[in-house]
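Being a predicted model, the structure only gives us computed values, none of them experimental.
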Amino acid sequence: MGLKMSCALARRGAEERFVTAVLAELSDDGTLTLVNYGHTAPLVLPEAGGVAEAAPDRPGMPLGLDTLGESRPGLHHRALAPGDRMLFHTDGLDEARDTTGRFYPLATRSGLLRAGSLATGLEQLRTDVHRHTAPASPADDSALLLLEYAGAPPSSSAHGRPGTAPGPVQRGCEKCVVVDCPIPTRLRPHPTGGPSREHRA
């Protein structure tokens, strides 16, 4: 998937040649896998308390620039428990400054995200950020996405398809109609259908 997005960016021309992103996959049992392309690391707020940064195991290049390197993007693996919440956000949040230039202390204020519903938590955090920056004007917009893991769903047999297991996740390019592919050959999937370099351990 990452290679496809990088390919699309490379074909746009001189404008918008790169973008940061976090791709997330959450399995039914709460196993979380993040692929980080140079984006701000999400926050994990365990239901039991505390806060942790879901930082990748190595720095990742933004989409569109990742094809210039040899290494895969940054990865992060974590097990979530029912009730755990995660905040995905852009850097406009933790880079919001007050009149003295002090950054918004997101880690110490993240407890606001546990209050009530997801919508309530986000509203309280937004209000707190506005209080921090006022009367200064934020230099950047921010996008926030707050999620909560509700636990494993009922057995698949309850949905009329007992014993049906999901197929393997297809990664990398499946088919490409681009004649002059901008993705270097060394980063493309193997002809046998094996994983591309970005997904190797």
Side-chain angles (χ1 to χ4, degrees), residues 1-2 5 8-9 12 15-66 73-154:
M1 179 63 72
M5 291 188 287
L9 285 168
R12 291 181 66 91
E15 297 182 0
E16 300 182 27
R17 291 296 299 271
F18 69 92
V19 63
T20 65
V22 174
L23 306 183
E25 180 180 73
L26 180 64
S27 63
D28 289 346
D29 65 359
T31 300
L32 175 72
T33 301
L34 299 177
V35 184
N36 193 312
Y37 291 89
H39 196 73
T40 304
L43 288 185
V44 178
L45 298 99
E47 196 273 338
V51 60
E53 191 178 62
D57 59 356
R58 70 181 69 188
M61 296 286 286
L63 288 166
L65 297 180
D66 57 313
L75 299 179
H76 180 84
H77 301 283
R78 177 178 295 269
L80 298 182
D84 288 356
R85 292 185 173 185
M86 282 199 69
L87 176 69
F88 293 83
H89 63 95
T90 57
D91 58 10
L93 175 60
D94 48 8
E95 292 184 1
R97 303 185 187 213
D98 62 13
T99 54
T100 67
R102 184 173 60 96
F103 289 115
Y104 180 69
L106 176 58
T108 59
R109 304 299 292 163
S110 59
L112 296 169
L113 296 168
R114 291 194 181 89
S117 66
L118 297 175
T120 299
L122 283 176
E123 181 179 357
Q124 291 197 136
L125 187 69
R126 283 288 194 192
T127 300
D128 195 54
V129 173
H130 179 72
R131 186 182 302 114
H132 176 81
T133 58
S137 298
D140 192 9
D141 293 331
S142 61
L144 309 179
L145 175 63
L146 183 62
L147 305 173
E148 181 176 311
Y149 175 56

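For the ring-ring contact (aromatic ring centres under 6.0 Å, His included) test, no residue two or more places apart in sequence or in another chain qualifies with Tyr149. Asp128 pairs by the salt bridge (Lys or Arg N to Asp or Glu O under 4.0 Å) definition with Arg109, Arg131, not counting sequence neighbours. The side-chain hydrogen bond (donor to acceptor under 3.5 Å, both in side chains) search around Thr108 returns none, not counting sequence neighbours. With sequence neighbours left out, the side chain to side chain contact (heavy atoms under 4.5 Å, CB included) criterion links His132 to Asp98, Arg102, Tyr104, Pro105.
The OG1 atom of Thr100 lies 10.5 Å from the CZ atom of Phe103; values are rounded to the nearest 0.5 Å. Taken to the nearest 0.5 Å, the CG atom of Leu112 stands 9.0 Å off from the OG1 atom of Thr127. Summarising the geometry, atom CG belonging to Leu63 is positioned 11.0 Å from atom NE2 belonging to His39; distances are rounded to the nearest 0.5 Å. Note: Thr120 OG1 to Leu125 CG = 12.5 Å, rounded to the nearest 0.5 Å. Of the inter-residue distances, the one linking Leu106 atom CG with Leu93 atom CG reads 5.0 Å to the nearest 0.5 angstrom.
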* **Residue pair Glu95, Thr40: steps toward the side chain to side chain contact (heavy atoms under 4.5 Å, CB included) verdict** => CA-CA 11 Å; Glu95 292 184 1; Thr40 304; over 6 Å; no

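Between Tyr37 and Leu23 there is a side-chain heavy-atom pair separated by less than 4.5 Å.
Checking side-chain atoms of His89 against main-chain N and O of Leu144 turns up no donor-acceptor pair under 3.5 Å. When atom types are taken as modelled, the side chain of Thr33 and the backbone of Glu25 share no donor-acceptor pair closer than 3.5 angstrom.
Between Ala107 and Val51 the shortest heavy-atom distance is O-CG1, 3.9 Å.
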Hey, can you pull the donor-acceptor pairs under 3.5 Å for the side chains in residues 81-88, sequence neighbours left out?
unit_1 : atom_1 : unit_2 : atom_2 : d
Asp84  : OD1    : Glu47  : N      : 2.7
Asp84  : OD2    : Ala81  : N      : 2.8
Arg85  : NE     : Glu148 : OE1    : 2.6
Arg85  : NH1    : Leu113 : O      : 2.6
Arg85  : NH1    : Gly116 : O      : 3.4
Arg85  : NH2    : Gly116 : O      : 2.7
Arg85  : NH2    : Glu148 : OE1    : 3.0

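For residues 35-44, there are no salt bridge (charged side-chain N to carboxylate O under 4.0 Å, His left out) pairs, not counting sequence neighbours.
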